[in-house]
J.: 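The structure follows.
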Amino acid sequence: MPEASGTATPRVLSGIQPTADSFHLGNYLGALRQWVALQESHEAFYCVVDLHAITVEHDPDALRRRTRIAAAQLLAMGVDPERATVFVQSHVPEHAELAWVLGCLTGFGEAGRMTQFKDKSSKQGTAGTTVGLFTYPILQAADILLYSPEPGPGERVFHVPVGEDQRQHLELTRTLAQRFNHRFGDTFVPPEAYIPAGAAKITDLQEPTAKMSKSASSPQGIVDVLEEPGPMRKKIMRAVTDTGSEVVYDEEKKAGVTNLLRIYSALEGVPVTALEERYAGSGYGQFKKDLAQLVLDTFTPIRERTLALLGDEERLDRLLAQGADRASRVAARTMDTVRERVGFVGRGR
């Protein structure tokens with residue numbers, strides 16, 4: 001991408017796991033919609049992180065299907081493969097190679113303190129916890145640092161969009177980048193956390209004090225991007241509200257309505273205060289009806305474009321191959337530098 005005013009275009013890297021047959025409303029408003037916006041201002045790298053998806057027991061056929069579904073949804077949402085590099089993580093083997101190098105720089109205690117590992121291992125026990133789950137944050141660090149801009153004169157900005165649950169992993173990435181630089185020479189630009197404007201925290205429609213999540217939400221508490229219109233509308237209409245009938249924002253006393261107001265505000269791009277004024281005195285019924293239609297109007301075109309992409313698997317795989325080629329060129333340059341600085345003997349031509 002071009003440079004402006006002598007400063008290189010900032011780079012951004014983000015990934016999402018293919019662990020379900022559809023992204024959900026929380027994914028869309030919390031992260032994915034912002035990916036579309038970021039490709040306008042950043043050199044963007046977006047990957048479907050299928051290597052991360054095998055840290056738990058999985059079905060191979062489901063993984064293949066879900067990887068394509070995830071990629072198709074990103075493209076259907078507006079991620080442009082001409083402006084952003086969209087690829088599948090396992091198509092670029094340098095991810096695993098750099099993870100090994102970084103793993104050799106990571107202390108056992110450092111990895112063991114990662115909150116997500118501690119939470120999952122405490123629930124599953126050591127017998128049900130894989131080494132892959134333990135080293136997951138190190139692979140995540142490799143995912144990021146492979147696409148670090150080359151250090152040099154002037155400011156080099158490297159952004160990683162994160163939620164609160166990923167901040168600890170990003171801090172480990174920054175630590176490993178700095179540790180490698182200290183031991184082997186200036187190689188990586190430590191990435192900076194980036195909270196995109198307009199990111200919304202969306203909660204479960206039936207348990208509005210809990211995050212909307214594929215692993216925790218009930219089927220009625222989660223709205224899938226690829227859901228049929230009828231069930232999607234019903235879920236919005238049956239979403240938990242609160243006592244009373246006033247459409248007002250109050251996180252403590254009216255968590256259900258507050259969550260629906262966040263969704264409405266994010267989708268329509270209007271302030272919550274304007275929605276409170278619009279529905280003053282009208283009650284929940286009309287508010288939910290209008291919100292359901294807005295959700296349908298947003299996701300129906302995405303669903304149709306996704307199904308069209310999935311219907312032409314050859315074209316979809318070709319687009320992913322093109323993205324992998326572009327990602328591989330960057331990753332190969334990074335690994336050439338890493339191998340030389342670590343002390344590996346170069347392969348003769």
Side-chain angles (χ1 to χ4, degrees), residues 1 9-20 22-53 66-89 91-92 95 140 143-149 157-167 169-170 173 191-202 211-214 223-226 262-263 265-267 269 295 298-299 301-303 305-306 309-310 316 319-320 322-324 326-327 330-331:
M1 294 181 69
T9 301
R11 185 173 286 182
V12 64
L13 180 285
S14 200
I16 192 162
Q17 285 200 48
T19 52
S22 174
F23 297 143
H24 60 70
L25 179 63
N27 299 141
Y28 179 74
L29 291 178
L32 299 176
R33 186 177 63 164
Q34 285 71 36
W35 289 17
V36 178
L38 282 170
Q39 69 186 356
E40 304 294 338
S41 57
H42 288 66
E43 183 185 7
F45 292 81
Y46 299 139
C47 64
V48 179
V49 289
D50 54 342
L51 296 180
H52 288 291
R66 289 170 171 176
T67 298
R68 287 192 175 98
I69 290 173
Q73 285 177 98
L74 292 178
L75 299 173
M77 288 174 182
V79 174
D80 183 352
E82 296 300 320
R83 287 182 288 176
T85 299
V86 183
F87 64 103
V88 176
Q89 183 188 26
H91 290 177
V92 183
H95 284 257
Q140 194 172 63
D143 298 336
I144 295 167
L145 295 179
L146 267 181
Y147 304 96
S148 170
V157 180
F158 188 25
H159 285 142
V160 177
V162 294
E164 287 301 321
D165 59 340
Q166 292 294 331
R167 281 188 178 274
H169 289 179
L170 185 63
T173 302
E192 300 175 11
Y194 185 78
I195 307 299
K201 178 185 176 183
I202 304 303
K211 181 181 177 180
M212 186 178 284
S213 166
K214 284 287 186 181
V223 173
D224 286 329
V225 171
L226 301 183
R262 282 199 203 103
I263 294 170
S265 173
L267 289 177
V295 171
T298 301
F299 290 138
I302 293 174
R303 178 175 177 272
R305 289 193 293 268
T306 300
L309 284 161
L310 292 172
L316 178 60
L319 289 172
L320 291 174
Q322 291 170 358
R326 283 158 56 182
V330 177

J.: Just how far is it from atom NE2 of H42 to atom OG of S14, taken to the nearest 0.5 Å?
T.: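 One gets 11.5 Å once the value is rounded to the nearest 0.5 Å.
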J.: Sequence neighbours left out, what passes side chain to side chain contact (heavy atoms under 4.5 Å, CB included) with I16? Give chain and number order.
T.: F23, L32, W35
J.: Side-chain contact test, heavy atoms from C-beta onward, threshold under 4.5 Å: evaluate it for R326 versus F87 and give yes or no.
T.: no
J.: Could you grab the distance from atom CD of Q322 to atom CD of E82, nearest 0.5 Å is fine?
T.: 7.0 Å
J.: Work out which heavy atom in A327 is nearest to a heavy atom in V92; give both atom names and the distance.
T.: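 So the minimum-distance heavy-atom pair works out to CB-CG2, 4.1 Å.
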J.: For residues D143 and T173, determine if any side-chain heavy atom of one lies less than 4.5 Å from a side-chain heavy atom of the other.
T.: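 SC-SC contact between D143 and T173 ruled out.
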J.: Y194 and side chain to side chain contact (heavy atoms under 4.5 Å, CB included): which partner among V12, L38, V160?
T.: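 Output: one option passes, namely L38.
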J.: Just jot down the side chain to side chain contact (heavy atoms under 4.5 Å, CB included) partners of R303, sequence neighbours excluded, or say none.
T.: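 So R303 forms a side chain to side chain contact (heavy atoms under 4.5 Å, CB included) with L226, E228, L307.
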J.: What distance separates T298 OG1 from R33 CZ, expressed to the nearest 0.5 Å?
T.: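 Spacing of OG1 (T298) from CZ (R33) equals 8.5 Å.
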J.: Counting distance only, does the side-chain N/O of R66 pair as donor-acceptor with the main-chain N or O of T19 below 3.5 Å?
T.: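 Looks like yes, one N/O pair under 3.5 Å.
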J.: So T85 and Y147, side chain to side chain contact (heavy atoms under 4.5 Å, CB included) or not? Walk me through it.
T.: CA-CA 11 Å; T85 299; Y147 304 96; over 6 Å; no
J.: Which heavy-atom pair separates V48 from A70 by the least distance, and what is that distance?
T.: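 Taking every non-hydrogen atom into account, CG1-CB, 4.0 Å.
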J.: Give me the atom names and distance for the closest heavy-atom approach of R262 to I202.
T.: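 Closest pair (atom of R262, atom of I202, distance): CB-CD1, 4.4 Å.
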J.: Give me the atom names and distance for the closest heavy-atom approach of T306 to A76.
T.: OG1-CB, 3.2 Å
J.: I'd like to check the side chain to side chain donor-acceptor pair (under 3.5 Å) partners of R305; sequence neighbours left out, ordered by chain and number.
T.: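 Partners of R305 by the side chain to side chain donor-acceptor pair (under 3.5 Å) criterion come out as none, since no residue qualifies.
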J.: Let me confirm one number: the CG-CG distance from D80 to L74, rounded to the nearest 0.5 Å.
T.: 12.5 Å
J.: Among all residues two or more places apart in sequence or in another chain, which pass the salt bridge (Lys or Arg N to Asp or Glu O under 4.0 Å) test with R68?
T.: E313, D317
J.: Going by the rule side chain to side chain contact (heavy atoms under 4.5 Å, CB included), which residues pair with P81 if we only count those two or more places apart in sequence or in a different chain?
T.: L75, L319
J.: Would you mind reporting whether P149 and V157 have side-chain heavy atoms less than 4.5 Å apart?
T.: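 SC-SC contact between V157 and P149 ruled out.
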J.: Would you say that R83 contacts E40 through its side chain, given a criterion of any heavy-atom pair below 4.5 Å between the two side chains?
T.: yes
J.: Does the side chain of M77 come within less than 4.5 Å of V225's, by heavy atoms?
T.: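 V225 vs M77: side chains touch.
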J.: Step by step, work out the side chain to side chain contact (heavy atoms under 4.5 Å, CB included) result for L146 and L13.
T.: CA-CA 10 Å; L146 267 181; L13 180 285; over 6 Å; no
J.: Give a yes or no answer on whether the side chain of H24 reaches the backbone of G26 with a donor-acceptor pair at less than 3.5 Å.
T.: yes
J.: What is the ring orientation for Y28 with F299, classed by angle as parallel under 30°, tilted 30 to 60°, or perpendicular over 60°?
T.: perpendicular
J.: Taking all non-hydrogen atoms of both residues into account, name the closest pair between Q73 and S22 and its distance.
T.: OE1-OG, 3.6 Å
J.: What are the two closest non-hydrogen atoms of L51 and H95, and how far apart are they?
T.: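 Shortest heavy-atom contact: CD1-CB, 4.4 Å.
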J.: For D224, check salt bridge (Lys or Arg N to Asp or Glu O under 4.0 Å) against everything at least two apart and list the hits.
T.: K214
J.: Do L310 and I69 make a side-chain contact, defined as non-hydrogen atoms from C-beta onward lying under 4.5 Å apart?
T.: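 Side chain of L310 against side chain of I69, heavy atoms only: contact under 4.5 Å found.
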